[in-house]
2 protein chains.
Amino acid sequence: MGYKHNKEEILEVGYQVIRKNGYHHVGINQILKEAGIPKGSFYNFFESKEDFAKQVIQYYGEGNRSWLKGIFQESIETPINTLKSFYKLLIDYNEEDNFCSGCLINNMGNETGRLYDVLAKETKEQFDQWLDLIADVVRKGQEAGEITDRFSPTEISNYLHSGFYGTFFKMKVERSREDMDTWLAMTFEFINA
Amino acid sequence: MGYKHNKEEILEVGYQVIRKNGYHHVGINQILKEAGIPKGSFYNFFESKEDFAKQVIQYYGEGNRSWLKGIFQESIETPINTLKSFYKLLIDYNEEDNFCSGCLINNMGNETGRLYDVLAKETKEQFDQWLDLIADVVRKGQEAGEITDRFSPTEISNYLHSGFYGTFFKMKVERSREDMDTWLAMTFEFINA
DNA sequence: TCAAAAATAAACCGATTGGTCTAATTTAGA
DNA sequence: TCTAAATTAGACCAATCGGTTTATTTTTGA
């Protein structure tokens, strides 16, 4: 409160740095340097590196959830096109840093899923809340007869987002959106009613 | 040749350890300990940690390619069922260690894609060679009228395997095969002719 | 206005990192 | 059989790791 350093600014730096470099590859010192704070201040805000990472995941998860809510509410397209535009936006977003970072949640889940109960749990929690929002749009699409009803909204939203996560592998090793665009076209043809 | 330590044994240990723990989270000392070799021997075989990881990727990529060739050649099922059984086998394989490790190639691509040109290149190379083998089966499935021909063999094999990679996220944070099984059922209904 | 609490600042800590060095041992080929 | 090369062995290195400590400054509320 009115103090020199701002917790949210540190979390934002942490988001950027960890998203790009991963959890284990990033040291506290790098965070300190990029955020411009001394170590004492960091450990005043956060109990440990793991606690910091957990709060970064929360910060990003919640921010992204608000963003998601907004674009779904304000969309003037039909449900299926709302979803397709949403994934196109995500691909565009990844193009901005030359396809080298991917998604913090996907990265964290894959990197620390096995090792850190705390981080895996937080990761899953944020992911699940995103999926609920996506599932709502899928349900509307099914009610409108646009999206296949051979599978439930939960199954389809899961299928969509995990499929999207799968494209990050080739995106990163090829530094290209080609595969993501193909995935988008194929998936939305498949889930068509 | 006939010396005390065997390079392939060290690579196998490296595969197990790095697949499970990731690249940055694993130190040389851990490899030495688990492989039972002193540091001097390690650096006699490998130039650096990065060189070691590269050879681990090659070792695993080539081994897996042989395995893939074998099960595709020996399969007595139709092409589409050969593929479905193949992915079921992969899920079963991940169940063996309680869904905590995933695929070395996917892990490496996601973790080091941005950071290490050497490792990303090797990862992509091995992946591409797997995909060629899968694409051959897809082509046969299309010729047999089992698999949709709305997309090319390359597009479909890419779609299959990147979709499979996408399921690793939830597998790891939930330690469950539920999502993978659902993905399998949905995907093979979608690519049906 | 002033004392208690909160936040800032950086020196410092032991443990571990990837990697080097030197010496001893084992192997291969002349 | 003997020498040169390859391999084994682990002590050693500077740098970095996550984290603690102590002292100072800033803020807060009585």
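By convention in this document, chain letters (A, B, ...) are assigned in the order of the sequence lines, proteins followed by strands, and residues within each chain are numbered from 1.
The interatomic distance linking B/Asn6 (CG) with D/dT7 (P) rounds to 12 Å, in whole Å. Summarising the geometry, the separation between CG on B/Asp51 and C1' on C/dG19 is reported as 13 Å, rounded to the nearest angstrom. Rounded to an integer number of Å, the gap from A/Ile28 CD1 to D/dA15 P is 21 Å. Atom CZ of B/Phe46 is separated from atom C1' of C/dG18 by 15 Å (rounded to the nearest Å). Between the C1' atom of C/dT16 and the NE2 atom of B/His25 lies a distance of 12 Å, rounded to the nearest Å. Between A/Glu47 atom CD and D/dG18 atom P the separation is 17 Å, expressed in whole Å. Rounded to an integer number of Å, the gap from A/Asn29 CG to D/dG18 P is 7 Å. Rounded to an integer number of Å, the gap from NE2 of A/His24 to P of C/dT17 is 12 Å.
Note: A/Phe45 CZ to A/Asp51 CG = 12.5 Å, rounded to the nearest 0.5 Å.
For B/Tyr59, the side-chain hydrogen bond (donor to acceptor under 3.5 Å, both in side chains) partners at least two apart in sequence or on another chain are B/Glu12.
For the pair B/Phe127 and B/Asn106, the minimum side-chain heavy-atom distance is 4.5 Å or more.
The distance between the ring centers of A/Phe190 and B/Phe151 falls below 6.0 angstrom.
Contacts between residues 34-45 of chain B and DNA chain C, counted as heavy-atom distances below 4.0 Å, involve B/Lys39, B/Tyr43.
Residues A/Gly102 and A/Asn107 come closest through the heavy atom pair C-ND2, 4.4 Å.
Among residues at least two apart or in separate chains, side chain to side chain donor-acceptor pair (under 3.5 Å) pairs with a member in residues 181-193 of chain A are A/Arg177-A/Asp181, A/Trp183-A/Thr187, A/Thr187-B/Tyr159, A/Glu189-B/Arg150.
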